[in-house]
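So that we are looking at the same thing, I have put the structure below in structure tokens.
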Amino acid sequence: MEIAKTYSPSATENKWYKYWMEKGYFRSVPDDREPYTIVIPPPNVTGVLHMGHMLNNTIQDVMIRRARLLGKNACWVPGTDHASIATEAKVVHMLREMGIKKSDLSREEFLKYAWQWKEKYGGIILEQLKKLGASCDWERTSFTMDDGYYRDVVNVFIDLYNKGFIYRGKRMVNWDPAAKTALSDEEVLFKETRSKLVYVKYIYEEGNGYLTVATVRPETIMGDVAVAVHPDDDRYKHLHGKNVIVPLVNRAVPVITDEAIDMEFGTGCLKVTPAHDIVDYEIGLRHNLPVIDTLNEDGTISKEGQVFVGLDRFVARKMAIKQLEEEGLIEKSEDYTHQVGHSERTNAVIEPRLSMQWYLKMKDISKPALDAVVNGEVNLIPSKFVNTYKHWMENVRDWCLSRQLWWGHRIPAWYNADGEFEVCATVDEAVVKFKSRNINVTAAELKQEEDVMDTWASSWLWPISVFDGFANPDNADIKYYYPTNDLVTAPEILFFWVARMIIAGYEYKGEKPFTNVYLTGIVRDKQGRKMSKSLGNSPDPLDLIEKYGADGVRMGMLLCSPAGNDLPFDESFCEQGRNFSNKIWNSFRLIQGWKVDYEAEQPETRKKAITWLENRIAEQLAVINDHFSKYRISDALMASYKLVWDDYCAWYLEAIKPEFINGESLPIDAATYNASCAFFEQLLTILHPFMPFITEELWHAVKERKEGDDIIITSWPKTDKYDKDLLAQFELCKSLISEIRNYRQQKNISPKQPLQLYIMEPAKNTVHPGDFNSIIKRLANISVLQYILEPPANCSAFLVDSLECFIPYGDTVDKDAERERLQKELEYAEGFLKSVMNKLGNEKFISNAKPEIIASETKKRIDAESKIDAIKSALSSL
RNA sequence: GGGAUCUUAACUCAGUUGGUUUAGAGUGUCACGUCGACAACGUGGAAGUCGUGGGUUCGAGUCCCACAGAUCCCACCA
């Protein structure tokens, strides 16, 4: 059979994914096995796969596949998030292109379009995950606005309200005038912005003169209700209690004093506009000032403003400056750079705005979640995030739950005509509740709250709701899968999502939602910018898969991304992954091409090589398992990579592969052939979590398989004991072989020309080549290998560890070069000895250092001395 | 402004409670090589004052202090 020289992924990937699905290997139902559960961080329903998802989901799939191989009942729950702001923005955009304004639609009509959109695009990202090889239990796919999920979100809201955690309050919020919604503090990005700081004159009500106020927001002057100065500011003491006239609207307002005023800034006078600034609002509360809201929700000037009514705030700003100039009320204006809040979603400048919102009190409810992370019940990986988490949780602010959107979970509150309300699931319940307060209303008279809940107010229930743990707290799934094991997500949503899930977990299950949180890095481009769709700097993951294969891309991402480290993405990582796929493919081609001789005896060389590799795999498997247990995924991958490439391909296969004579490979003995295949299968298994497709393909190619004998469900190799001495001996052999190869290269001796090698009989208890002489002979092309007692004459000498080796001079030996080389070695050895002697000659070292350290230093001294002797004798024999 | 984390080879990173030399790996780079699994390959080499400056210690990449730079979080002055 002719096998292609290179591995071609795409056909293979489609074939096996389909096969795994047909076999139901991703499906998990509760049974007697130990569960291993991950809930996916649900991507936005309308999103497409970006590099962050790739990294995230590759890690999850690695963990799930390994758990499956370890015999656990692996369950990976997929799903999507309704992402209210992002999705609503997209639907609004789509409608606009269709020539429809959102304001022309009823809520019901709009939601119909939104659901159509969701049905059309909602599945894309999940289909993309399949291309990556994600082994999710697709029968469990959830969506945060599924009927059951919707019900849970609403019921939790009602429950929290009844417990007194939710309150309704007029508060200053971050208002996004473009999206016409409130944003949480976390959704506001502060950007450096250049503005004009204008100095405006406020004329005294009585007498002549004026004071000057510096402001960047002259368009809010109409909302001024006072001018504040610092009580200790001598410049303005004579004005305390006096009135000044607000320009543009000619309103008399008092000059008040407040400690919050910075005397150094501007003129030391602050115009107080409680409706449009947080600090001003607080001053207003302290001084019982009225609130004049001069803006509409879309950022235009309201009727209250009296002038510029209906104009956009930025237009009004220009108009205000112009009019003030005309009236001679501007003293001066200067350039001013400051931080201005922008909407993360729409990039509109945030407007501090007073509005009625629903809040969740965070202090008490978040306490168990803080403790859980601090005392290690929930592990953050890497642990450096514990401090960040702690800091946030200790200073947690109340959570604004309401959003002025339609796409989402509508808040279950019912208002009567007087603005009184009840919180409950249905309008009929609300009628009853009103009646119990002696308020008579009919269902038709009640109006449900227009606002929906913040997206995170649904996704924080994810680990419970996907197992139906609210409505049916005793169902088999929730009892079996909860708490889940690992959560893999980005550090940027540690507070938005992770912290809140922990809070919900303790509040509703009395238990953590997961044990370990693996925080991935952020995928960045070469300029260090976060890769995102909006920047357009992310390569299309599907193109990468097309180019390098899913296995290659998976491996490329994992190689360079330890937990918590950002990943400056470069396609060359994927290239490395593809090259590795190819290497594995070709090692298979080698084995596959062998003719097997069932009669032949197994040569000694091969027996030794097999013994070594058995031990080597056992040793490295322990290393790999250890890396996994510490969530060091990239280290586990690197160790597996080296085990395959270096140990199996470069050393083992080279040591055992049959001679090639007269254009044909000699046959290989059956014992070695079988061992080689068994090793190969074992290595494929170890690689399978990282590279699921190629390993399944080769698993089936290497031999005939019975129905259901698939690598995805085979067993992870058992850990065996290994012989450390034997491994050390082989390491020495490797060094020796490298040294001889190096010698050939330096001396320009062809690898094809056999050499003789003499080795001084090693002292007892030192590492020696053991029984691997035949492998040395073969891989270094040595025709004679002898152990001797006296240094031979006319030889090049070199040391490998403490092993003294000699190769007889060939015809063209440069004695000066030899001398120079040995001289260098001597200098190094003497330098080393000196550093050791410095330690050993130091009385304080002797008296303070641990005995085993002194012993090891002493041994170093002895070794170094004998090494120096050997080099000297080699030099003198030149 | 407050806080956290980080800074090791050209790049991406290891380096466990201070104690194996004169600090490692993968990639890249350089030299040689087409030797019948693989040039998407093989063999070999070069490459780092461990951000800077102090300190503790017999001993510091590792602990402490200061400074510089990077990233993130929190707060925010009109």
Side-chain angles (χ1 to χ4, degrees), chain A residues 3 5-7 185-186 190 197 213-217 220 228 260-262 264-267 269-273 277-280 336 338-339 341 382 384-392 395 397 491-492 494-495 522 528 552 559-562 564-568 570 572-573 575-576 578-594 630 632 634-635 638-639 641-642 649-650 653-654 657 660 663-665 738 741-746 748 750-752 828-829 831-833 835-836 838-839 842-850 852-854 856-857 859-860 863-864:
Chain A
I3 310 171
K5 247 178 147 177
T6 51
Y7 168 61
D185 292 347
E186 289 81 3
F190 283 89
L197 184 62
V213 166
T215 180
V216 290
R217 303 210 55 195
T220 65
I261 308 304
D262 179 358
E264 305 298 317
F265 189 91
T267 59
C269 299
L270 171 73
K271 69 188 215 40
V272 182
T273 322
D277 186 279
I278 293 166
V279 172
D280 293 16
Y336 179 61
H338 60 147
Q339 300 292 105
K384 67 179 178 185
F385 287 107
V386 172
N387 273 331
T388 319
Y389 179 89
K390 212 178 132 194
H391 187 253
W392 191 78
N395 299 287
R397 311 175 87 201
E492 48 201 349
L494 184 58
F495 308 126
I522 296 165
L559 264 178
C560 53
S561 62
N565 264 62
D566 285 3
L567 191 165
D570 192 294
S572 67
F573 295 127
E575 211 175 304
Q576 195 182 349
R578 179 202 55 188
N579 293 356
F580 186 48
S581 303
N582 207 45
K583 185 71 186 178
I584 303 165
W585 182 256
N586 276 290
S587 64
F588 165 70
R589 277 182 74 212
L590 176 67
I591 300 174
Q592 203 274 339
W594 287 336
K630 291 170 179 153
R632 300 167 68 134
S634 46
D635 289 332
M638 183 46 71
Y641 174 88
K642 287 201 255 185
C649 294
L653 289 178
E654 290 300 328
K657 78 180 179 193
F660 210 90
E664 236 183 298
S665 172
S738 293
R741 285 169 176 166
N742 183 17
Y743 178 82
R744 284 180 191 276
Q745 205 155 41
Q746 281 176 0
N748 236 331
S750 158
K752 285 175 178 165
Y828 182 90
F832 172 52
L833 179 64
S835 81
V836 175
N838 275 346
K839 280 190 200 176
N842 186 330
E843 267 181 47
K844 286 187 176 171
F845 174 75
I846 300 296
S847 53
N848 287 324
K850 289 181 209 148
E852 60 265 31
I853 299 299
I854 295 172
S856 91
E857 291 295 320
K859 185 174 181 303
K860 276 192 242 168
D863 289 349

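Naming: A, B, ... by sequence-line order, numbering from 1 per chain.
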Taking all heavy atoms of I3(A) and all of Q592(A), pick out the closest pair and write down the distance.
->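 Residues I3(A) and Q592(A), closest heavy atoms: CD1-OE1, 3.1 Å.
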Span that lies between the P atom of C67(B) and that of A4(B), in whole angstrom |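 Their P atoms lie roughly 14 Å apart.
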Which residue lies more 5' along RNA chain B, comparing E654(A) with Q746(A) via nearest heavy atoms =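 The residue closer to the strand's 5' end, by nearest nucleotide, is E654(A).
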Euclidean distance, atom OH of residue Y641(A) to atom C1' of C38(B) [Å, nearest integer] =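 So the two atoms are 13 Å apart, to the nearest Å.
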Quick one: does K752(A) reach the base of C35(B) with a side-chain donor-acceptor pair under 3.5 Å?
->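 Answer is no: no donor-acceptor pair is held.
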Where is the tightest heavy-atom contact between K5(A) and W585(A), given as atom of each residue plus distance?
->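 Nearest pair, atom of K5(A) first, then W585(A): O-CD1, 3.9 Å.
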At under 4.0 Å, does any side-chain N or O of K657(A) touch on OP1 or OP2 of A37(B)?
->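 So the side-chain polar atoms of K657(A) do come within 4.0 Å of the phosphate oxygens OP1 or OP2 of A37(B), strictly under.
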With heavy atoms under 4.0 Å as the rule, sort K271(A) into base, sugar-phosphate or nothing.
->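 Since no nucleic acid heavy atom lies under 4.0 Å of K271(A), the category is nothing.
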Gap between atoms CD1 and P, on I846(A) and G59(B) respectively (whole Å) |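 Checked: the CD1 to P distance equals 14 Å.
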Proximal nucleotide (of C76(B), A4(B), A37(B)) relative to the V279(A) side chain =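 For the V279(A) side chain, the nearest candidate turns out to be C76(B).
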Got a second to check how far I591(A)'s CD1 is from K657(A)'s NZ, nearest 0.5 Å?
->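 The CD1 atom of I591(A) sits 11.5 Å away from the NZ atom of K657(A).
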Phosphate OP1/OP2 of G24(B): any K642(A) side-chain N/O under 4.0 Å |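 Indeed not, no polar side-chain atom of K642(A) lies that close.
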Hey, could you give me the OG/CG distance between S665(A) and L590(A), rounded to the nearest 0.5 Å?
->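 If I round to the nearest 0.5 Å, the distance is 8.0 Å.
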Nucleotide nearest F660(A) when distance is taken to its side chain, options A78(B), A37(B), G44(B) =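 Nucleotide nearest to F660(A)'s side chain: A37(B).
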If you look at every strand shown and take non-hydrogen atoms under 4.0 Å, does K859(A) touch a base, only sugar-phosphate, or nothing?
->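 K859(A): no heavy atom of the nucleic acid under 4.0 Å.
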Of A214(A) and Y7(A), the one whose closest RNA chain B nucleotide lies more 5' =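 Nearest-nucleotide comparison on RNA chain B picks Y7(A).
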Nearest to side-chain heavy atoms of W392(A), which nucleotide of G44(B), C74(B), C38(B) =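 From the listed options, C74(B) comes nearest.
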Using whole Å, report how far CG of L653(A) lies from P of U43(B).
->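 Roughly 12 Å, once rounded to whole Å.
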Please work out if S738(A) contacts a base, only the sugar-phosphate, or nothing of the nucleic acid, heavy-atom cut-off 4.0 Å.
->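 Sugar-phosphate, backbone atoms only, no base.
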A37(B), U5(B), A25(B): which one has an atom nearest the side-chain heavy atoms of K384(A)?
->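 My answer, after comparing the listed nucleotides, is U5(B).
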If we take the C1' atom in both A75(B) and U17(B), what is their distance in whole Å?
->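 38 Å, rounded to whole Å.
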Write down the distance separating the C1' atoms in G48(B) and C11(B), rounded off to the nearest Å.
->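 The same atom, C1', in both gives a distance of 14 Å.
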Looking only at atom C1', what distance separates C41(B) and C35(B), rounded to whole Å?
->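 That atom pair is separated by 11 Å.
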Quick one: which of U27(B), U43(B), A37(B) gets closest to the side chain of L590(A)?
->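 My answer, after comparing the listed nucleotides, is A37(B).
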Out of C38(B), A40(B), C32(B), which nucleotide sits closest to the side chain of K583(A)?
->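 Of all the options, the side chain of K583(A) is nearest to C38(B).
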Nearest whole angstrom, please: distance from the C1' of A40(B) to the CZ of R589(A).
->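 One finds 13 Å between C1' of A40(B) and CZ of R589(A), rounded.
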Of the non-hydrogen atoms in Y7(A) and N582(A), which two are nearest, and what is the gap between them?
->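 For Y7(A) and N582(A), the tightest heavy-atom pair comes out as N-OD1, 3.2 Å.
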Would you name the heavy atoms of R217(A) and T215(A) that are closest together and state the gap between them?
->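 In this case the closest contact between R217(A) and T215(A) is N-OG1, 2.9 Å.
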So what stems show up for RNA chain B if we need 3 or more Watson-Crick or G-U pairs in a row, all under 3.5 Å?
->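 Stem list for RNA chain B: B:1-7 with B:68-74, B:10-13 with B:24-27, B:29-33 with B:41-45, B:51-55 with B:63-67.
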Of the listed nucleotides C77(B), A4(B), C41(B), the one nearest the side chain of T388(A) =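 For the T388(A) side chain, the nearest candidate turns out to be A4(B).
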Worked verdict on K271(A) versus T220(A) for side-chain hydrogen bond (donor to acceptor under 3.5 Å, both in side chains) = CA-CA 9 Å; K271(A) 69 188 215 40; T220(A) 65; 2.7 Å; yes
Taking atom P of A78(B) as reference, at what distance in whole Å does atom CG of L197(A) sit?
->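 Rounded to the whole Å, the gap is 8 Å.
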Quantified in whole Å, what is the P atom distance between nucleotide U52(B) and nucleotide A23(B)?
->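 Approximately 15 Å lies between the P atom of U52(B) and that of A23(B).
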Short side-chain to backbone donor-acceptor contact, D277(A) and V272(A), under 3.5 Å |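 Side chain of D277(A) to backbone of V272(A): no pair is present.
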If the C1' atom of A39(B) is compared with that of G24(B), how far apart are they to the nearest Å?
->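 It works out to 28 Å between them.
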Find the distance between CD1 (I846(A)) and NZ (K844(A)) and round it off to the nearest 0.5 Å.
->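 These two atoms lie 13.5 Å from each other.
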Taking all atoms of both residues into account, what is the closest heavy-atom pair of L653(A) and S587(A), and its distance?
->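 Result for this residue pair: CD1-CB, 3.9 Å.
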For U5(B) versus U49(B), give the span between their P atoms, rounded off to a whole number of Å.
->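 So the two P atoms sit 28 Å from each other.
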Less than 3.5 Å between a donor and an acceptor, one on the side chain of Q576(A) and one on the base of U27(B), is that the case here?
->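 No.
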Nucleotide of A40(B), A78(B), G44(B) approaching Q745(A) most closely (side-chain heavy atoms) |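 For Q745(A), the side-chain atoms sit closest to G44(B).
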Encode nucleotides 11-23 of chain B as B, S and - characters from 5' to 3', where the letter depends on protein heavy atoms closer than 4.0 Å: B to the base, S only to sugar-phosphate, - to neither.
-> -SSSS---BSBB-
Kindly say whether S738(A) contributes a backbone atom to a donor-acceptor pair with the side chain of N742(A) at under 3.5 angstrom?
->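 No; judged by distance alone, with no hydrogens or angles, the pair does not exist.
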Please work out whether the ring planes of F580(A) and Y641(A) are parallel, tilted or perpendicular, with thresholds of 30° and 60°.
->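 Geometry flag for Y641(A) against F580(A): tilted rings.
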Check the distance between U57(B)'s P and N842(A)'s CG and give it to me in whole angstrom.
->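 One finds 13 Å between P of U57(B) and CG of N842(A), rounded.
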Nearest-Å distance, CZ (F580(A)) to P (G26(B))?
->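 Distance, rounded to whole Å: 13 Å.
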Atom P, compared across G54(B) and A14(B): separation rounded to whole Å |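 My reading of the P atoms in G54(B) and A14(B) gives 28 Å.
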So, is R741(A) close to the C32(B) phosphate, meaning a side-chain N or O under 4.0 Å from OP1 or OP2?
->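 No, because none of the side-chain N or O atoms of R741(A) sits under 4.0 Å from OP1 or OP2 of C32(B).
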Rounded to whole angstroms, how far apart are CG on N748(A) and P on C32(B)?
->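 Distance, rounded to whole Å: 10 Å.
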